[in-house]
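Numbers restart at 1 for each chain; the letters A, B, ... are given by sequence-line order, proteins then strands.
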2 protein chains.
Amino acid sequence: MAPTTTAIQRRSEARHAYDAFLKECPTNQLLARISDKWVSLIVAALGERGGPLRYSGLTRKIPGVSQKMLTQTLRSLERDGLVSRTVTASVPVRVDYELTPLGYNLACLMTAVKDWAETHMDDVLAARAEHDSKAAVPTP
Amino acid sequence: MAPTTTAIQRRSEARHAYDAFLKECPTNQLLARISDKWVSLIVAALGERGGPLRYSGLTRKIPGVSQKMLTQTLRSLERDGLVSRTVTASVPVRVDYELTPLGYNLACLMTAVKDWAETHMDDVLAARAEHDSKAAVPTP
DNA sequence: CCGAATCCAGAAGGATACTG
DNA sequence: CAGTATCCTTCTGGATTCGG
């Protein structure tokens, strides 16, 4: 019997090979992790500050973030050794978050990306308007 | 009556202010866009190549991507003026994708981020193991 | 003040089949 | 070869509530 579904099979095999590959090669995992919206914002916020920031401070510095996402993202960043968490047991508990040296290292790149976004934003906007105007007038 | 729900209200207001802010300041939109997993991988793939790449070529170069995500992401990148799409109407249709100058510009940053991930991956892994081992032994 | 836990709507994304 | 369209599962992430 000739293999009639080779294309499908190959694709499926590629996917499973990819899944297995991820376990051995965590680079993609790490890339996916730092390619997260909240990770970018938190690391950028802590990087711009240059020093420690409290939980409530982060909430104010990143408008629109929910406690859930903030806590969740901070935990993963702490686990990955990118931020340090310091608890001061005062009457109202005080928790400070700060980038580790490794985290500051990443913050530089994040800042560069953010600067790129700010610099070339108008180019992208222009391209988007151009593209949309062409697509919107098929029969003038 | 004293305002007992100020914290909740402030948070809610912050969210709506954020939503309104996004319309006037698309920088965050753009940052979120380029902080996408598939965007990173596609831009990196095209950047490493240095030249045009066909649809099927991209499928092979990015294992695990579905046609849906590949097409969808390419469309958005084209709309944003980061990649160009060239159709050659031969017997089997041939489509080439290539980074625009703006796209190449971004690819440099993406490559830097990818390199960072590859360089500091072991540090992150070590921190992760350290963190997990501490959390896994509360009662020895 | 900092966070954990639960609920749930909606978006993301994969599998599959079909077109030109 | 290069998509498009559809279904369906998974996961994201916001709202809310409770605890230390």
Side-chain angles (χ1 to χ4, degrees), chain A residues 4-19 22 29 32-33 35-42 52-79 83 85-97, chain B residues 4-19 22 32-33 35-42 52-78 83 85-98 135:
Chain A
T4 55
T5 55
T6 26
I8 297 175
Q9 283 178 356
R10 259 181 292 134
R11 190 177 294 276
S12 180
E13 284 167 14
R15 287 218 71 259
H16 290 91
Y18 174 73
D19 290 342
L22 278 183
Q29 284 185 336
R33 173 62 55 92
S35 291
D36 178 71
K37 175 186 173 184
W38 300 121
V39 169
S40 316
L41 291 172
I42 292 177
L53 210 47
R54 300 182 57 177
Y55 184 89
S56 51
L58 282 168
T59 306
R60 276 185 294 272
K61 204 139 199 308
I62 308 174
V65 71
S66 61
Q67 316 94 302
K68 179 179 178 178
M69 282 302 102
L70 185 54
T71 301
Q72 186 173 302
T73 309
L74 283 170
R75 288 282 179 275
S76 72
L77 289 175
E78 186 191 3
R79 179 170 178 258
V83 305
R85 180 173 179 269
T86 310
V87 180
T88 308
S90 50
V91 181
V93 187
R94 175 204 177 96
V95 182
D96 285 285
Y97 293 94
Chain B
T4 56
T5 56
T6 27
I8 298 174
Q9 284 178 357
R10 259 183 291 134
R11 190 177 294 279
S12 181
E13 285 167 15
R15 287 218 69 259
H16 290 91
Y18 173 73
D19 290 343
L22 277 183
R33 172 63 55 93
S35 291
D36 178 71
K37 176 186 173 184
W38 299 121
V39 168
S40 316
L41 291 173
I42 291 179
L53 211 46
R54 300 181 57 176
Y55 184 89
S56 51
L58 282 168
T59 306
R60 275 185 294 273
K61 205 141 201 306
I62 308 172
V65 71
S66 60
Q67 314 97 302
K68 182 181 178 178
M69 280 303 102
L70 184 54
T71 301
Q72 186 173 303
T73 308
L74 283 170
R75 289 281 180 275
S76 74
L77 289 175
E78 186 192 1
V83 305
R85 181 173 177 270
T86 310
V87 181
T88 307
S90 50
V91 181
V93 187
R94 176 203 177 94
V95 181
D96 285 284
Y97 292 94
E98 186 172 14

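- Taken over five-pair windows at either terminus, the axes of the helix from C:dC1-D:dG20 to C:dG20-D:dC1 are inclined to one another by 40° (rounded to 10 degrees).
- A:R33 and A:S76 make their closest contact through NH1-CB, 3.4 Å (heavy atoms, listed as atom of the first residue, atom of the second, distance).
- Here the P atom of nucleotide D:dT12 and the CZ atom of A:R33 are 10 Å apart, to the nearest Å.
- Neither OP1 nor OP2 of C:dG3 sits under 4.0 Å from any side-chain N or O of A:R54.
- Going from atom NZ of B:K61 over to atom CG of B:L70 covers 13.0 Å, rounded to the nearest 0.5 Å.
- Within the 4.0 Å cut-off from OP1 or OP2 of C:dG3, at least one side-chain nitrogen or oxygen of A:Y97 is found.
- Between atom OG of residue B:S35 and atom CH2 of residue A:W38 there is a gap of 11.5 Å, rounded to the nearest 0.5 Å.
- When the P atom of C:dG13 is taken as reference, atom NZ of B:K37 falls 8 Å away, rounded to whole Å.
- A:L70 places its CG atom 14 Å from the P atom of D:dA15, with the value rounded to the nearest Å.
- A:E78 places its CD atom 15 Å from the C1' atom of C:dA4, with the value rounded to the nearest Å.
- For the atom pair CG (B:L41) and CD1 (B:I62), the distance works out to 6.0 Å, reported to the nearest 0.5 Å.
- A close approach under 4.0 Å does occur between a side-chain nitrogen or oxygen of B:S56 and OP1 or OP2 of D:dA2.
- For B:R60, the side-chain hydrogen bond (donor to acceptor under 3.5 Å, both in side chains) criterion is met by no residue, not counting sequence neighbours.
- With rounding to whole Å, B:Q67 atom CD is found 11 Å from C:dT16 atom P.
- Of the candidate nucleotides D:dG14, C:dC2, C:dG13, D:dG14 has the atom nearest to the side chain of A:W38.
- The CG-C1' distance, from A:L58 to C:dC2, rounds to 12 Å in whole Å.
- Nearest-nucleotide mapping onto DNA chain C: of A:K68 and A:P92, the residue sitting toward the 5' end is A:P92.
- Residue A:Q72 is the one, among A:V93 and A:Q72, whose nearest nucleotide of DNA chain D lies closer to the 5' end (criterion: closest heavy atom).
- Note that the CG atom of B:L74 and the OH atom of B:Y97 stand 5.0 Å from one another [nearest 0.5 Å].
- The side chain of A:V95 lies closest to C:dC2, out of C:dG14, C:dC2, C:dT16.
- Ranked by how close their nearest DNA chain C nucleotide is to the 5' end, B:M69 and A:R75 are led by A:R75.
- Closest contact between the side chain of B:D36 and the listed nucleotides D:dT16, D:dA2, C:dG13 involves C:dG13.
- Of the candidate nucleotides C:dG14, C:dA4, D:dT4, C:dA4 has the atom lying nearest to any side-chain atom of A:T71.
- If you take OH of B:Y55 and C1' of D:dG3, they are 6 Å apart, rounded to a whole angstrom.
- The shortest side-chain heavy-atom distance between B:R75 and B:Q72 does not fall under the 4.5 Å cut-off.
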